[in-house]
Amino acid sequence: MLKAYVQAIVRDLTLAEDTFSDVILEIVRSWPSYDKAREFPPWARGVARRVALAVLRKNSRAPLHLDEGLLEQIGEELSSMGDEVELEARKHTLQCCLELLSAKNRELVRLRYFENRSYLEIANQIGRSVGALYVGFNRIHQALEKCIQERMQSA
Amino acid sequence: MSAKTHGEKLLRYLDGSLPDKETEELNDSLLADPDLKREFSRLLLQQVHLFDIGQSQKASPRRDRRRESNSLPTIVGLPSSWHWQPYLLAAAAAVAILLTLSTVEFSSTTPRVEAFVGSDITLRRDTAVIPIKASLALKPGDILTTGKTNRLILTYRRENTRLIIGSRSSIAILPSNSGKQFKLLEGRVEAVVAHQPKAKPMLWLSAATRATIVGTEFSLTASNNTARLDVLEGLVDFESLATGQLLRVNSSRYAEVAPGVPFELRDMSNGYGSVLRETWLGIENVHIRNLTQSSKFPGNPDFRDYPATLSALTNWPGSSGVRLRAFLRVPTTGRYRFWITGADAAELRLGSNELPESAELIASLNQNASGEWERFPWQKSAAIQFVAGRKYYLEALFKQGLPGAEERAGVVWQPPGAAREQIPSRFFSPFDLSIEKGSR
């Protein structure tokens, strides 16, 4: 999942979306230099990494990122999480699992991921600390993951 | 360090707010702990999927209208959960509609696979290889590569635009908000393009050129530093990216970019209104199989030419075999009937699309009909349904055993509601051998 890989580097979902388009164009542009005897996924991730790091530098937003070797391992982990059909099924299951969250937690998800609000904005809006929000979101993501795993295993 | 702390750190890292020292620690923990690496990957995937879900809901004006009709504005100061539940209901109710809308929007700029030949076709999407199948919808970023004996037809649901990707070719579908955009990485593409909005023309890039298409029939062949554009019908703006020079290539003309070759308009010798005719001499006997089983068939004909009629001269001073190959395009949708005539033996095949592999025998002859159309009932095809604007592969084989005097051999048709007639040349174009060979 190349977009998730890009997100691991740029760490901004809107920027990851834009960077992913740039990655596609760069893969196409660099295609003549791709040695067809080599595996495609590591090559594509290499292109994505190069583009994403360039975007970070251009945006003057370059907090310390993970080692490139580790990023490559995470890319492999993402690739092993399923093909396109399985990932679509996972997304659909996630959508179903959202409905099982409490109203309060669903609102947090909406603000963070649908409205793209920062943790600070959300904290100010609901009158909680940013630290408490990280704790809350960590629980939400764990609950969603548990729900996804259970539903996908029973399907 | 507890799992909970790790989870929070992952979130902070992905928010860009984790201090450098803790990022280094997280880096070490991830390297050492496969479970944490898996947790991180799943979190990444969740975030991207949640963002996608939010984007698809935002993209739908229908959802917004529904929210307006429910009169549920967000009121600052109220607990946020007050308006969440109705919002969720509205969004859930609209999910099916949203998916349909987004699919329609998507399919207007990206093609789907209509048909393909061979199994050595690779579709790379993201970092995965997707199996090719009929009706598969393609997406921006997809890279399609064909092997040496493959061909592929791409079409659009809402318009009669058809792209034929030749063998040994690679194309990429580019992300674009301003029309259909492709890059021909190598090889060859042949296309019939329905009229495109002027502000959103179809664009074909190669390493050396840019071709802008509003609506036409053309083929483009490209490698790293060469490209050739043949326009059978219509008009294409063709730009050399190295020099910026622009040529307007019109019907039956071509231009090419290659080292040492002037970038200029040239006339095609085998344009619209002609058929590829191949002739083999010295092929003994009277059966079609005597031609098709010959060592000279199909690769080594004695002649290739491009006549403007679907006819085969068979009065050679000796035995001979002839093959006519063309793409047929009918003027109106309806049922058409075909006849074939010739000396000794003849076979007429018609495809359900542009690919030779789709062709089936529709009429034949195994005795001399000498230019007559109704001597044997099997000379005549059934009435066959055609769709206007589409291209169909047509192939006729003729075999003559002995030298004959002015034997007539050819193919005619009967369009819906009309009498039998010669097929007007404006309705066919020659089969292009480079489709089979992959490049010129």
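Residue numbers begin at 1 in each chain, while the letters A, B, ... track the order of the sequences.
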From [atom1] ([X]) to [atom2] ([Y]), nearest 0.5 Å:
{"X": "Ile53(B)", "Y": "Arg110(A)", "atom1": "CD1", "atom2": "CZ", "value": "14.5 Å"}
{"X": "Tyr134(A)", "Y": "Lys9(B)", "atom1": "OH", "atom2": "NZ", "value": "13.5 Å"}
{"X": "Ile140(A)", "Y": "Gln46(B)", "atom1": "CD1", "atom2": "CD", "value": "10.0 Å"}
{"X": "Arg42(B)", "Y": "Leu144(A)", "atom1": "CZ", "atom2": "CG", "value": "13.5 Å"}
{"X": "Leu30(B)", "Y": "Asp67(A)", "atom1": "CG", "atom2": "CG", "value": "10.0 Å"}
{"X": "Asn138(A)", "Y": "Arg12(B)", "atom1": "CG", "atom2": "CZ", "value": "10.5 Å"}

Given side chains that start at C-beta, do those of [X] and [Y] come closer than 4.5 Å, heavy atoms only?
{"X": "Arg124(B)", "Y": "Ile27(A)", "answer": "no"}
{"X": "Gln95(A)", "Y": "His49(B)", "answer": "no"}
{"X": "Val109(A)", "Y": "Leu50(B)", "answer": "yes"}

Note to self: Please determine whether salt bridge (charged side-chain N to carboxylate O under 4.0 Å, His left out) holds for the pair Lys3(A) and Asp52(B), giving the CA-CA distance in whole Å, both sets of side-chain angles, and the decisive distance to 0.1 Å.
What the structure shows: CA-CA 11 Å; Lys3(A) 204 192 290 182; Asp52(B) 283 352; 3.2 Å; yes
Proximity breakdown for [X] and chain A, heavy-atom pairs closer than 4.5 Å:
{"X": "Leu31(B)", "value": "both"}
{"X": "Phe51(B)", "value": "both"}
{"X": "Ile143(B)", "value": "side chain"}
{"X": "Asp126(B)", "value": "both"}

Which bit of [X] is near chain B, if near means a heavy-atom gap under 4.5 Å: side chain, backbone, both or neither?
{"X": "Leu2(A)", "result": "both"}
{"X": "Thr14(A)", "result": "both"}
{"X": "Ile74(A)", "result": "both"}
{"X": "Leu87(A)", "result": "both"}
{"X": "Glu39(A)", "result": "neither"}
{"X": "Ala44(A)", "result": "side chain"}

Note to self: Between Asp15(B) and Arg11(A) (salt bridge meaning N to carboxylate O under 4.0 Å), is one present in this structure?
What the structure shows: no
Check: Where the side chain of Glu77(A) meets the backbone of Lys37(B), is there a donor-acceptor pair that is under 3.5 Å apart?
Finding: no
Pick from [options]: which one has the most heavy-atom pairs with chain B under 4.5 Å?
{"options": "Ala8(A), Ser21(A), Ala48(A), Ser79(A)", "value": "Ala8(A)"}
{"options": "Phe40(A), Tyr5(A), Phe20(A)", "value": "Phe40(A)"}
{"options": "Val28(A), Leu13(A), Ile24(A), Leu25(A)", "value": "Leu13(A)"}

Item checked: When Lys183(B), Glu24(B), Glu186(B), Arg125(B) are compared by non-hydrogen pairs under 4.5 Å with chain A, the top option -> Arg125(B)
Next item on the list: List the steps, then state whether side-chain contact (heavy atoms from CB on, under 4.5 Å) holds for Glu39(B) with Gln142(A).
Entry: CA-CA 9 Å; Glu39(B) 185 184 335; Gln142(A) 285 181 348; 4.2 Å; yes
Next item on the list: Identify the heavy atoms of Leu45(B) and Ala4(A) that sit nearest to each other, and give their distance.
Entry: CD1-CB, 4.2 Å
Next item on the list: Please collect all salt bridge (charged side-chain N to carboxylate O under 4.0 Å, His left out) contacts where either partner lies in residues 46-56 of chain A, sequence neighbours excluded, each pair once.
Entry: Glu26(A)-Arg50(A), Arg49(A)-Glu68(A), Arg49(A)-Glu72(A)
Next item on the list: Classify the side-chain pair Tyr119(A)/Ser17(B) by whether it contains a donor and acceptor separated by less than 3.5 Å.
Entry: no
Next item on the list: Please list, chain by chain and in numerical order, all residues satisfying ring pair (Phe, Tyr, Trp, His ring centres under 6.0 Å) with Trp31(A), sequence neighbours excluded.
Entry: Tyr34(A)
Margin query: With a 6.0 Å cut-off (strictly less than), is the heavy-atom count around NZ of Lys91(A), excluding the residue itself, greater than 12?
Written below: yes
